Amino acid sequence: MKSEPDTYSIDDLARDVRTHWDGIRNYQARNMIRDHMRPGEQAFFYHSSCEVPAVVGIMKVASDAYPDPSQFDRKSKYYDPKSTKEQPRWFAVDVEFQSRLSRPVTLTEIREKKSLGDFRLIKRGNRLSVFPVSAKHWNIVQKLAGG
DNA sequence: GCCAACGTTGGC
DNA sequence: GCCAACGTTGGC
């Protein structure tokens, strides 16, 4: 799961421990959290759009998907006038801090690692903020971090 | 349904 | 700030 550290970083999550992962406004990403994420599953925390884009930590999915409250909040930048309580368009999940990687695994490193060649993160045109990670890729990234 | 215009993501 | 690679919107 990607987040811009200027907006919400692994430090913020370590402090909050648990948070609402909201503001997802892409249908594919929404489908991912609504239809495929389950409580107890693990996820990587990835810092995007920053000086050193990198996988920085591990978190745990802490809830089922639920309608993202910000879509109904007129004052939120995530407000969606086309969304109704009866038929919400957007969903959020709760996540819990689990750990930091012993060191960040940078995007550069990931690109250089042959065995991560088919990792979705570096697939051309990938802009999804939420996407599944195979067990193989999960393990390789962890190993790179030294754990 | 097509497609141009526009908006967003995210690396660089 | 630039730009590629998308996704979305809306006119037709």
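Below, chain A is the first sequence line, B the second, and so on; all start at residue 1. From a predicted model like this one, the values you see are computed outputs, not experimental measurements. Note: hydrogens, waters and symmetry copies are ignored here, and every other heavy atom, side chains too, is used.
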I'd like a table of donor-acceptor pairs (distance under 3.5 Å, sequence neighbours excluded) in which one partner is a side-chain atom from residues 40-51 of chain A, with atom names and distances.
residue, atom, partner, partner atom, Å
A/Glu41, OE1, A/Arg38, N, 3.1
A/His47, NE2, A/Ile10, N, 3.1

task: Could you tell me whether the side chain of A/Glu109 and the main chain of A/Thr106 form a donor-acceptor pair under 3.5 Å?
output: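 A pair under 3.5 Å: yes.
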
Tracing side-chain contacts under 4.5 Å among Ile, Leu, Val, Met, Phe, Trp and Tyr outward from A/Phe72 reaches none

Nearest-0.5 Å distance, [atom1] of residue [X] to [atom2] of residue [Y]:
| X | Y | atom1 | atom2 | result |
| --- | --- | --- | --- | --- |
| A/Asp68 | A/Ile33 | CG | CD1 | 7.5 Å |
| A/Leu144 | A/Asn139 | CG | CG | 11.0 Å |
| A/Leu13 | A/Glu96 | CG | CD | 9.0 Å |

Can you list everything that forms a side-chain hydrogen bond (donor to acceptor under 3.5 Å, both in side chains) with A/Ser83? Sequence neighbours excluded, please.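 In terms of side-chain hydrogen bond (donor to acceptor under 3.5 Å, both in side chains), with neighbours along the sequence ignored, A/Ser83 is linked to A/Gln71.
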
Item checked: Partners passing side-chain hydrogen bond (donor to acceptor under 3.5 Å, both in side chains) against A/Arg124 (at least two apart in sequence or in another chain) ->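 Testing A/Arg124 for side-chain hydrogen bond (donor to acceptor under 3.5 Å, both in side chains), a comparison that skips the adjacent residues, returns none.
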
Whole-Å distance between [N] [atom2] and [X] [atom1]?
| X | N | atom1 | atom2 | result |
| --- | --- | --- | --- | --- |
| A/Arg25 | C/dT8 | CZ | C1' | 15 Å |
| A/Asn26 | C/dG7 | CG | P | 8 Å |
| A/Lys77 | B/dT9 | NZ | C1' | 12 Å |
| A/Asp6 | B/dT9 | CG | P | 14 Å |

*What residues in residues 44-56 of chain A put a non-hydrogen atom under 4.0 Å from any atom of DNA chain B?*
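Close to the strand are A/Tyr46, A/Ser48, A/Ser49, A/Pro53.
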
In numerical order, the residues of residues 80-90 of chain A whose heavy atoms come under 4.0 Å of DNA chain B are none

Quick test: give all pairs of protein nitrogen or oxygen and nucleotides 3-5 of chain C nitrogen or oxygen below 3.5 Å, distance rounded to 0.1 Å.
residue, atom, partner, partner atom, Å
C/dA5, OP1, A/Arg124, NH1, 3.1
C/dA5, OP1, A/Arg124, NH2, 3.1
C/dA5, N3, A/Arg127, NH1, 3.0

request  = Identify, with sequence neighbours excluded, every residue that meets side chain to side chain contact (heavy atoms under 4.5 Å, CB included) alongside A/Lys114.
outcome  =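 Not a single residue meets the side chain to side chain contact (heavy atoms under 4.5 Å, CB included) criterion with A/Lys114.
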
Per the under-4.0 Å heavy-atom filter, residues of residues 109-117 of chain A near DNA chain C come out as none

In short, ring-ring contact (aromatic ring centres under 6.0 Å, His included) pairs touching residues 104-124 of chain A with sequence neighbours left out are A/Phe119-A/His137

Scan residues 78-111 of chain A for pairs that pass ring-ring contact (aromatic ring centres under 6.0 Å, His included), counting only residues two or more places apart or in two chains.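 Every ring-ring contact (aromatic ring centres under 6.0 Å, His included) pair that includes a residue of residues 78-111 of chain A, provided the two are not neighbours, is A/Tyr27-A/Trp90.
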
With heavy atoms under 4.0 Å as the rule, sort A/Gln28 into base, sugar-phosphate or nothing.
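The residue A/Gln28 makes sugar-phosphate contact but no base contact.
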
Can you give each donor-acceptor pair under 3.5 Å made by side-chain atoms of residues 53-66 of chain A, sequence neighbours left out, with the distance rounded to 0.1 Å?
residue, atom, partner, partner atom, Å
A/Ser63, OG, A/Asp94, N, 2.9
A/Tyr66, OH, A/His20, ND1, 2.8
A/Tyr66, OH, A/Asp94, OD1, 2.4

message = Is there a continuous path of hydrophobic side-chain contacts, each under 4.5 Å between heavy atoms, that joins A/Val105 to A/Ile122?
response =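 As far as the 4.5 Å side-chain criterion goes, A/Ile122 and A/Val105 are connected within one cluster.
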
Does B/dG10 have OP1 or OP2 under 4.0 Å away from a side-chain N or O of A/Lys2?
yes

